[in-house]
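None of the values given here were measured: they were computed from a predicted structure. Heavy-atom basis, side chains included; hydrogens, waters and symmetry copies ignored.
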Amino acid sequence: MRDAFVDVLGEDPGECPLPDLGLDSLVIADLTSAIERLSGTTVDPSLVMRSRTMADLAARLTDRAVPPAPASGTDPVGRAAGAVPSAPDPASTASLSALLRPLLATGQQPRH
């Protein structure tokens, strides 16, 4: 965390309250990117804005990084790590087919 702040701000903020640093949206975006690059995890910029100090931000990120136990016996972490996904839900496939059927019937290309 400290390395990200030093990288972006040029100094260690220590226990200085983050709101007192005058972080604008561009600095918060740079800080978020630096934290993501150094930690390998995705960071919500609003988390930076809601944190009181650098230590508070580190604690919030640590709390958020603990994955909840799977409730239904599925393992979302395992799937993200390369496990074979389960078959698609037939109901969602039918809904998607119903949405695409008119486009396919008229030969129109979907717009991006």
Side-chain angles (χ1 to χ4, degrees):
M1 183 65 58
R2 190 170 317 281
D3 290 343
F5 274 87
V6 170
D7 185 39
V8 173
L9 302 177
E11 62 183 307
D12 179 352
E15 292 301 314
C16 181
L18 295 184
D20 292 353
L21 297 175
L23 305 177
D24 62 18
S25 60
L26 294 174
V27 172
I28 289 172
D30 288 345
L31 187 56
T32 301
S33 295
I35 295 168
E36 288 177 346
R37 183 181 73 250
L38 293 169
S39 70
T41 185
T42 302
V43 178
D44 181 357
S46 69
L47 198 59
V48 177
M49 294 183 286
R50 292 190 313 262
S51 298
R52 294 180 306 276
T53 63
M54 181 177 58
D56 181 39
L57 175 59
R60 288 175 186 243
L61 288 171
T62 301
D63 290 345
R64 194 194 69 163
V66 176
S72 64
T74 60
D75 181 9
V77 175
R79 268 188 273 143
V84 177
S86 60
D89 177 23
S92 64
T93 305
S95 298
L96 181 59
S97 296
L99 290 171
L100 294 175
R101 199 170 296 121
L103 288 173
L104 295 172
T106 61
Q108 293 178 350
Q109 294 291 323
R111 295 184 189 155
H112 296 276

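The closest side-chain heavy-atom distance from Met49 to Leu18 is not below 4.5 Å. Counting heavy atoms from C-beta on, the side chains of Ser39 and Leu61 never come closer than 4.5 Å. Looking at heavy atoms from C-beta onward, Glu36 lies out of side-chain contact with Thr41 at the 4.5 angstrom threshold.
Ile35 and Ala4 get closest at one heavy-atom pair: CG1-CB, 3.6 Å. The two atoms that bring Ala34 and Val8 nearest to each other are CB-CG2, 3.8 Å, heavy atoms only.
A single hydrophobic cluster is not seen to contain both Val6 and Val27; linkage of ILVMFWY side chains at heavy-atom distances under 4.5 Å, directly or through other members, places them apart. Follow the hydrophobic side-chain contacts under 4.5 Å out from Leu38 and you never reach Met1; the two are in separate clusters.
Residue pairs meeting the salt bridge (Lys or Arg N to Asp or Glu O under 4.0 Å) criterion with at least one member in residues 45-56, sequence neighbours excluded: Arg52-Asp56, Asp56-Arg60. Sorted by first and then second residue, the side chain to side chain donor-acceptor pair (under 3.5 Å) pairs with a member in residues 15-34 form an empty list; sequence neighbours excluded.
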Verdict with supporting geometry, Leu31 and Phe5, side-chain contact (heavy atoms from CB on, under 4.5 Å): CA-CA 7 Å; Leu31 187 56; Phe5 274 87; 3.5 Å; yes
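Atom CG of Leu21 and atom OG1 of Thr53 lie 10.0 Å apart (nearest 0.5 Å).
Heavy atoms of other residues, nucleotides or ligands lying less than 6.0 angstrom from CZ of Arg2 number 12 at most.
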